[in-house]
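Proteins get letters first, then strands, A, B, ... in listed order; numbering begins at 1 in each.
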Amino acid sequence: MAPILEIQGLYKNYGSTEILKDINVSIDAGDFLVLVGPSGCGKSTLLNCIAGLEPISGGTLSIGGQDMTHVSPKDRDIAMVFQSYALYPTMSVAKNITFGMKVRGVDQQTQDAKLKKVAEQLQIDQLLHRRPGQLSGGQRQRVAMGRALVRDPKLFLFDEPLSNLDAKLRVEMRTEIKALHQNLGATMVYVTHDQIEAMTLATKIVVMKGGVVQQIGTPAEIYNRPANMFVADFMGSPAMNLIPAKAVKNGSGNTIEIEDKTGKPIVLKDTSGRDLPNNVVIGVRPEDISEPGARNGKAQQEADFLVDIVEPAGADTYVVTSLGGRQVTARLHAETTAQPGQHQTLAFDMAKVSYFDPDTGLRLN
Amino acid sequence: MTDAVYSEARSQGQITRLVLRWLLYLLLFVFALFYLAPLFVMVTTSLKSLEEIRTGDLISLPRQVTFDAWRTAWASACTGIQCEGVRPYFWNSVLIAVPAVLISTLLGAINGYVVAQWRFPGANIFFALMLFGCFIPFQVVLLPMARMLGLMGIAGTIPGLIFVHVIYGLGFTTLFFRNYYVTIPAELTKAAKVDGAGFFRIFWSIFLPLSLPIIVVTVIWQFTQIWNDFLFGVSFSQAGTQPITVALNNIVNSTTGVKEYNVDMAAAIIAGLPTLLVYVVAGKYFIRGLTAGSVKG
Ligand SMILES: Nc1ncnc2c1ncn2[C@@H]1O[C@H](COP(=O)(O)OP(=O)(O)O)[C@@H](O)[C@H]1O
Ligand SMILES: [Mg+2]
């Protein structure tokens, strides 16, 4: 089956500024694609290009197998939820939801039936006669979703729909959106700057920076095998530890030496047999540094560390040490006995380690 | 500081504030008197007989109230050779002002909507030129406009005057609406586009219903400008199409013999009433519209 959305070599300029560079993305029916990246990296612009709200400067774009590069938004069979919700202020909730159908000349009976169904689905039946100004943030958000759902489009577009909600509501709505996606089997493109939202919602993530795609993959791929140091640092919280190190060829593997502030380097062994340059940056997720015996796996390697800070976070306790001139965070059990200022033996899971080129930032393994 | 000293200081501060407050009221009262004095003289004079005006005091109340002067001013005062009062000219003014206000407001709304929400290449230059139009002194355009009206075959007609007022009102009406519409988030237009609405649909269904405050401001502004206009009225009209401002001038200037101050005053008040009425009816919205910020929604 043809992909629902296929973007090939897309460029977007505002005047002489290149905002998006050579974007290539394709998604299949039922996919939940999340565009994630720091503010100003061009996520909204890309979404607007997909919607047809911004003309593109180069490349092609097809939706449902049809070329849509120059088709106007109303003929793209899409629905969009905006960051500010963009509800029509003078219309009631019901009118907001049915406006699109009214414009398209859908008969009144169908309108009423669809309105009823969506209102029930989102539990906004009580609000139908109200104006947007009389709704809370969360209710507005629901109405904005309702306006999109009622259209039953080929492709849903969401531009940071949760960013204006408070933290608790945001988590609730996140779950609800995920459930909605599963129940509807709909295809969605979702923009966010929040990497946790991206990880929890996506079936496929596009990480962007400065208008350039950094990596495309499943949440697990992005998390476990980040394509470069930017992705490694951006995805995951606390961020992946990126530690400068020296690699020395040693028989079938490498010896990895990390400077420690005690003066005696920490030595780890890479047994994978890959070739590494002399200078590398190793990337280790906090959960891949643990107390000895807490994890099993044959690639566990232990070393002694001086603990700087201990941060209990309820379920886990974060222990911060310093390695290679960088702060390094380990995620330990809540019951850990680690104390600041004391030495602690920690185990690295060398099977999960990423290696990066310190100059290009690209992944080496 | 002890409590006593503290409360004393506070009560002193209160007294100072009270005195200042009353001084302010006094000042406002004096200004109000100053501004209302001419109106008072106009109204009282228009209600006096000529006899009483000649013998009495300018600021005294009428001894005997008579509406003769009003009747004369409305229906039989002479403007040059005709003696029909201001009535026909009043209706001329209505026929000019009402369509001109409506058309220029509507066009200004559409212009403002385009400039604010449908950024096209050159939109900024277009808007700058429009603004420039607000600052052109009307005297400069009299001759070219006369020539143009002649070419269009509407010189000296009421449609001609409507045309002139619409053209010269557009700069301001566009400015008003543009400034109002730029505060409306662009995402609203985007949402409507995705919903399938086109240019005019978005305007009618979404922007116009939001615009009541700015429509009121624009209507008041335009009505006042057009109703009170004398220069265009005297330049581009002919017998039968003159607005009330021109008629008023003719009544006051063309009387031979005794000057009928009471009739002049009555005619002047009649000429001023409609704008006064518009302010009273819509003034509340005027202030609100001028200070209205972005649309919360
Ligand atoms: N209409 C515009 N004209 C010029 N530059 C723009 C315009 N819209 C967005 N930009 C620029 O494009 C970049 C990407 O913006 P945007 O897509 O909104 O970022 P994001 O949604 O990722 O935060 C920003 O640097 C922004 O300043
Ligand atoms: Mg954005």
Examine whether an atom of B:Ala192 lies under 4.5 Å from a heavy atom of chain A, and if so say whether it belongs to the side chain, the backbone or both; otherwise answer neither.
both

B:Leu23 CG: over 12 foreign heavy atoms closer than 6.0 Å
yes

Is B:Thr189 in contact with chain A via its backbone, its side chain, both, or neither, using a 4.5 Å heavy-atom distance?
neither

With only heavy atoms counted, which part of A:Gln134 is less than 4.5 Å from chain B, the side chain, the backbone, both or neither?
neither

Look at B:Ala186, B:Ala197, B:Ala191, B:Pro209 and state which one has the largest set of heavy-atom pairs under 4.5 Å with chain A.
B:Ala191

Please state whether the side chain, the backbone, both or neither of A:Ala144 comes within less than 4.5 Å of a heavy atom of chain B.
neither

If I measure from the heavy atoms of chain B, does A:Met101 come under 4.5 Å with its side chain, its backbone, both, or neither?
neither

Do B:Lys190 and A:Pro73 have side chains that approach each other closer than 4.5 Å (heavy atoms only, starting at C-beta)?
no

Taking all heavy atoms of A:Ile78 and all of B:Val194, pick out the closest pair and write down the distance.
O-CG1, 3.8 Å

Of all of A:Arg104, A:Met80, A:Arg147, which one pairs up most often with chain B through heavy atoms under 4.5 Å apart?
A:Arg104

Looking at side-chain heavy atoms only, is the closest gap between B:Leu188 and A:Pro89 below 4.5 Å?
yes

Count the heavy atoms of every other residue, nucleotide or ligand shown that sit under 6.0 Å from CD of A:Glu120, and state whether that count exceeds 12.
yes

Using atom types as modelled and distance alone, determine if a side-chain donor or acceptor of B:Glu187 lies under 3.5 Å from a backbone N or O of A:Ser84.
yes

State whether A:Lys102 and B:Asp195 are salt-bridged, where the test is any N-O pair (Lys NZ or Arg NE/NH1/NH2 against Asp/Glu carboxylate O) under 4.0 Å.
no

Using non-hydrogen atoms only, which part of A:Asn48 is less than 4.5 Å away from chain B: side chain, backbone, both, or neither?
side chain

